[in-house]
Number of protein chains: 2
Amino acid sequence: MAKAPVLTPQAEDFPRWYQDLINKAELADNGPVRGTMVIRPYGYGLWERMQQDMDRRIKETGTQNAYFPLLIPQSYLTREAEHVEGFAPELAVVTHGGGKELEEPVVIRPTSETIINEYFSKWIQSHRDLPLLINQWANVVRWEMRPRLFLRTSEFLWQEGHTAHATYEDARDFAANIHRNVYEAFMRDVLAIDVVPGRKTAKERFAGAINTLTLEAMMGDGKALQMGTSHELGQNFAKAFNTTYLSRESRQELVWQTSWGSTTRMIGALVMSHGDDNGLRVPPRLAHIQVVVMAIKGDEAVVAKVREIGDRLAAAGLRVHIDDRTDTPFGRRAVDWELKGVPVRVEIGPRDLENGTAMVARRIAGGKSPVRIEELEALLPKALEEDQELLLTQSRERRESRTSDVATPAEAAEVAVGGGWARIPWADLGPQGEAKLGEQSVSVRCLVAEDGSVPVADDAPGTVAIVARSY
Amino acid sequence: MAKAPVLTPQAEDFPRWYQDLINKAELADNGPVRGTMVIRPYGYGLWERMQQDMDRRIKETGTQNAYFPLLIPQSYLTREAEHVEGFAPELAVVTHGGGKELEEPVVIRPTSETIINEYFSKWIQSHRDLPLLINQWANVVRWEMRPRLFLRTSEFLWQEGHTAHATYEDARDFAANIHRNVYEAFMRDVLAIDVVPGRKTAKERFAGAINTLTLEAMMGDGKALQMGTSHELGQNFAKAFNTTYLSRESRQELVWQTSWGSTTRMIGALVMSHGDDNGLRVPPRLAHIQVVVMAIKGDEAVVAKVREIGDRLAAAGLRVHIDDRTDTPFGRRAVDWELKGVPVRVEIGPRDLENGTAMVARRIAGGKSPVRIEELEALLPKALEEDQELLLTQSRERRESRTSDVATPAEAAEVAVGGGWARIPWADLGPQGEAKLGEQSVSVRCLVAEDGSVPVADDAPGTVAIVARSY
């Protein structure tokens with residue numbers, strides 16, 4: 001039986017396919033205020049799993065969670081010149097509170113470097129207070145002119161880490177640790193996305209940073225998506241907020257700082273990396289539902305068996321959902337679980353009951369075959385691990401097959417406009433070439449070293465620029 | 001050795017003691033915008049544990065988490081007349097976004113009934129979509145004229161549940177289930193606070209509700225604190241947002257709704273319930289640090305032993321923190337852990353090492369005694385359970401000893417002004433008596449039934465009003 005397409009096919013219109021999927025898989029809706037979004041339970045379930053896993057990794061670095069206010073006096077932002085220049089166009093400004101006009105307008109945080117430095121300057125007295133390693137899970141608002149669900153929204157959810165260190169080296173190493181051992185590890189091992197770690201060019205740096213480390217991933221249409229960034233802030237904010245400490249040598253010294261963030265944009269990345277024409281495919285290590293056990297019909301014995309299998313699989317450590325909504329046609333429910341990308345469906349009907357088998361449908365590897373019920377507990381964990389690996393392999397293969405080494409800026413632009421990534425020696429592109437790419441909405445996503453490491457400086461010998469269009 | 005007081009004594013100035021404790025135990029700081037707060041890592045650690053436990057209980061009711069936008073069009077709030085009347089004086093209004101004046105001002109959510117109903121009215125089509133059970137963890141802003149850290153802040157963190165049901169009875173029962181089986185159970189069993197469940201009088205109801213269920217607790221100074229509320233919204237918001245469903249009988253019907261919230265105020269409750277002149281006392285089931293293992297001196301063997309004991313206790317399932325900051329004087333560190341209310345300190349010095357013992361100091365039960373190191377794993381879990389029970393007992397005994405049955409509204413006011421709770425038959429007080437109490441800043445905290453159940457109506461026979469001053 002040929003399936004009617006539930007989504008606009010990717011090949012026909014990728015952005016439309018993306019919107020269709022977000023909508024039909026019930027991940028999110030547009031909010032009433034331009035650019036805002038409602039994250040629906042299934043989409044939020046993905047975010048909760050991301051939070052849990054990332055939070056554990058962040059805490060393992062010795063970082064503690066805290067919470068700073070949403071509202072920041074406008075004057076704070078102006079203290080760091082580059083920072084305010086970068087964020088001023090995106091601010092939401094509160095002018096009235098409690099029925100009165102405020103004496104000084106306050107802004108909704110677009111990020112929290114300023115307000116956090118105000119407190120770091122109070123809390124940090126001595127070298128014994130360093131390093132100070134703080135993270136918060138919060139919402140931020142950046143007014144968005146071209147909103148797109150999850151990718152660019154006026155409000156988004158994120159974690160933002162902020163740290164202060166006694167030395168440049170300690171700050172640099174910490175930013176690098178978050179970049180590779182927290183973000184990259186999480187994105188590869190859990191999201192199954194083949195991210196490329198690199199450094200941003202001066203043009204693309206965070207407003208107020210001396211160095212921005214990034215992870216870039218190739219989406220299904222060949223465009224790049226920035227997945228998370230870790231910044232060395234140098235002493236820029238320390239100077240603006242007078243964040244100093246008394247050194248072992250009894251001198252007042254400015255601290256060295258980092259900040260780093262990852263956001264609900266990762267849900268968009270998941271969709272655009274792993275989605276296909278039938279919907280999302282959720283990596284099993286992330287999935288809050290790894291296995292859905294479905295009753296094909298509302299037969300009492302079938303429903304009882306479905307629950308029994310569900311309980312057994314849950315006891316075996318799998319994250320299981322029971323679908324016994326037999327007043328909804330089976331076909332419609334199956335399509336819905338495909339859309340939502342649940343890795344494995346275990347389907348049970350009256351005939352399966354007789355045979356002692358269940359039909360196992362695999363969303364990621366594909367295919368559908370009968371499995372003896374008593375073998376499910378042994379088989380499914382292996383299938384899920386295979387699926388996890390397969391997604392990462394597909395992500396890597398796509399990037400490799402659509403990346404070309406080129407020699408000139410014009411060739412780089414051509415590759416990017418055609419929906420691929422170009423690699424070009426940074427020495428052959430440079431800031432002038434980079435500026436020119438912008439005319440065709442193409443940018444340098446990051447600078448990498450030949451051996452896959454992150455260059456220590458933009459002009460380090462052998463540095464290669466990765467050039468692409470991006471979200 | 002007599003201790004110098006680290007806090008203003010409670011008996012001298014309770015509000016001052018509270019501020020001192022919040023500050024010195026490093027729970028929170030005042031934010032730069034009036035009424036906002038910075039929740040510091042130790043305070044946020046308490047909130048994280050509250051979230052985890054509460055989130056699990058909420059999910060057990062079948063409720064799913066989601067996320068709705070921070071920014072709400074001002075027009076939404078005006079659709080429900082009582083609701084806007086209640087919240088208008090507390091709104092923060094965003095008038096500018098992205099460098100331009102907005103066409104319609106938007107407000108920062110003070111609560112989310114309106115925006116959530118806008119989406120419920122889209123998502124709910126049929127009786128099969130009901131009940132719809134949604135919760136979100138979020139920040140809200142209510143401009144606060146008399147701010148007090150944790151208790152009344154212009155921004156606070158909370159969970160807000162919002163549900164839609166086919167029938168009045170189903171909504172009523174769900175609100176009651178959250179009230180007793182989620183909120184009350186959590187507050188008693190984890191926070192060790194002896195809360196009184198009751199219903200609010202019409203005067204004290206949530207703006208837009210037909211019934212508000214509350215949990216009231218007595219603080220250390222005899223005042224009441226509202227700890228969490230669960231509202232029956234009837235069909236008020238359903239009418240305002242046309243939230244309807246197609247019934248089994250194929251009729252369009254308005255849904256019945258509930259909403260319910262609990263906030264960072266619970267951290268304030270913890271301080272004012274369990275704190276003493278030496279600081280906070282954290283109930284062991286809540287504590288993110290149950291046991292701190294301290295090295296008295298920086299001796300290598302001592303530090304090694306401290307780590308070994310810490311690892312062993314952690315392996316035994318206790319939440320352990322190692323304090324080997326031996327460059328800070330031991331006495332100062334011990335005072336700090338007392339302030340922070342960590343239930344048990346295990347202190348190890350060179351002499352303890354020789355004896356094979358550790359000094360165990362108990363913050364809640366009090367006392368300090370040597371314990372053989374190999375006995376710690378067996379002894380401490382028992383000690384922590386005793387401490388948990390002791391806190392709840394002390395909370396109950398305080399409430400019982402400071403609650404009086406009275407016969408007249410004048411006596412009720414006298415008891416409340418004197419720092420206690422009065423119980424008076426509601427038939428003898430009534431709305432007129434209630435209005436009069438307000439002149440002395442006294443209010444009816446809730447209505448209860450003689451048998452401890454929650455009255456089904458304000459005028460149910462035998463209904464008793466609990467009268468007190470409150471935070």
Side-chain angles (χ1 to χ4, degrees), chain A residues 26 29 31-34 36-45 47-48 64-73 76 88-100 102 104-106 108 115-116 118-119 122-123 128 134 136 138-139 141-145 154-155 157 264 325 327-328, chain B residues 26 29 31-34 36-45 47-48 64-73 76 88-100 102 104-106 108 115-116 118-119 122-123 128 134 136 138-139 141-145 154-155 157 264 325 327-328:
Chain A
E26 299 182 341
D29 269 355
V33 174
R34 183 173 168 75
T36 61
M37 70 175 158
V38 176
I39 309 179
R40 300 186 67 173
Y42 191 75
Y44 198 81
W47 180 239
E48 282 184 305
Q64 293 183 293
N65 286 339
Y67 187 77
F68 290 82
L70 176 76
L71 301 175
I72 302 181
Y76 280 25
E90 301 177 358
L91 295 176
V93 186
V94 177
T95 54
H96 292 73
K100 286 188 192 160
L102 302 179
E104 185 195 345
V106 301
I108 301 181
I115 194 165
I116 286 180
E118 175 78 5
Y119 287 85
K122 290 179 191 170
W123 298 342
R128 273 191 292 267
I134 297 288
Q136 77 174 355
N139 53 345
V141 171
R142 299 178 185 176
W143 215 263
E144 188 53 65
M145 293 303 149
S154 293
E155 179 191 9
L157 304 183
T264 35
R325 296 169 301 155
D327 52 354
T328 302
Chain B
E26 299 182 342
D29 268 357
V33 174
R34 183 174 169 76
T36 62
M37 70 176 157
V38 176
I39 308 180
R40 301 187 67 172
Y42 191 74
Y44 198 80
W47 179 239
E48 282 185 305
Q64 292 182 294
N65 286 339
Y67 186 77
F68 290 82
L70 176 75
L71 301 176
I72 303 181
Y76 279 27
E90 301 178 356
L91 295 177
V93 185
V94 178
T95 54
H96 292 72
K100 287 187 192 160
L102 303 179
E104 185 196 345
V106 300
I108 302 181
I115 195 165
I116 287 181
E118 176 77 6
Y119 288 86
K122 291 178 190 170
W123 299 342
R128 274 191 291 266
I134 298 288
Q136 77 173 354
N139 53 345
V141 171
R142 299 178 185 177
W143 216 261
E144 188 54 65
M145 295 301 148
S154 293
E155 180 192 9
L157 304 182
T264 35
R325 299 169 299 157
D327 53 353
T328 302

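Worth knowing before you read on, the calculation uses all heavy atoms, side chains too, and leaves out hydrogens, waters and symmetry mates. Chain A is the first sequence line, chain B the second, and so forth, proteins listed ahead of strands; every chain is numbered from 1.
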Residue part contacting chain B, namely of A:I108, when any heavy atom lies under 4.5 Å: side chain

Region of A:E48 that comes under 4.5 Å of a non-hydrogen atom in chain B: side chain

Report which part of [X] has an atom under 4.5 Å of a heavy atom belonging to chain A: side chain, backbone, both, or neither.
X      : answer
B:R34  : neither
B:N139 : side chain
B:P89  : backbone
B:Y76  : side chain
B:I116 : neither
B:L91  : backbone

So do the side chains of B:D327 and A:R128 get within less than 4.5 Å of each other, counting heavy atoms only? yes

Is there side-chain contact between B:V94 and A:V141, with heavy atoms separated by less than 4.5 Å? no

Heavy-atom pair of closest approach, residues [X] and [Y]:
X     : Y      : answer
B:P41 : A:Q64  : CB-OE1, 3.6 Å
A:P69 : B:M37  : CG-O, 3.4 Å
A:P73 : B:V33  : CD-CG2, 3.9 Å
B:D29 : A:Y119 : OD2-CD2, 3.7 Å

Best-contacting candidate, A:A138, A:A92, A:A88, against chain B by heavy atom pairs under 4.5 angstrom: A:A92

Residue among B:I134, B:V106, B:L70 with most heavy-atom pairs under 4.5 Å to chain A: B:L70

Quick one: of B:G43, B:P32, B:G45, who has the most non-hydrogen atom pairs under 4.5 Å with chain A? B:P32

Between CH2 of B:W143 and CG of A:L102, what distance do you get to the nearest 0.5 Å? 4.5 Å

Looking at OG1 of A:T36 and CD1 of B:I72, how far apart are the two atoms once the value is rounded to the nearest 0.5 Å? 10.0 Å

Identify the residue among A:T264, A:L157, A:V38 that makes a side-chain contact (heavy atoms from CB on, under 4.5 Å) with B:Y67. A:L157

Tell me, please, which residues at least two apart from A:F68 pass ring-ring contact (aromatic ring centres under 6.0 Å, His included). A:W123

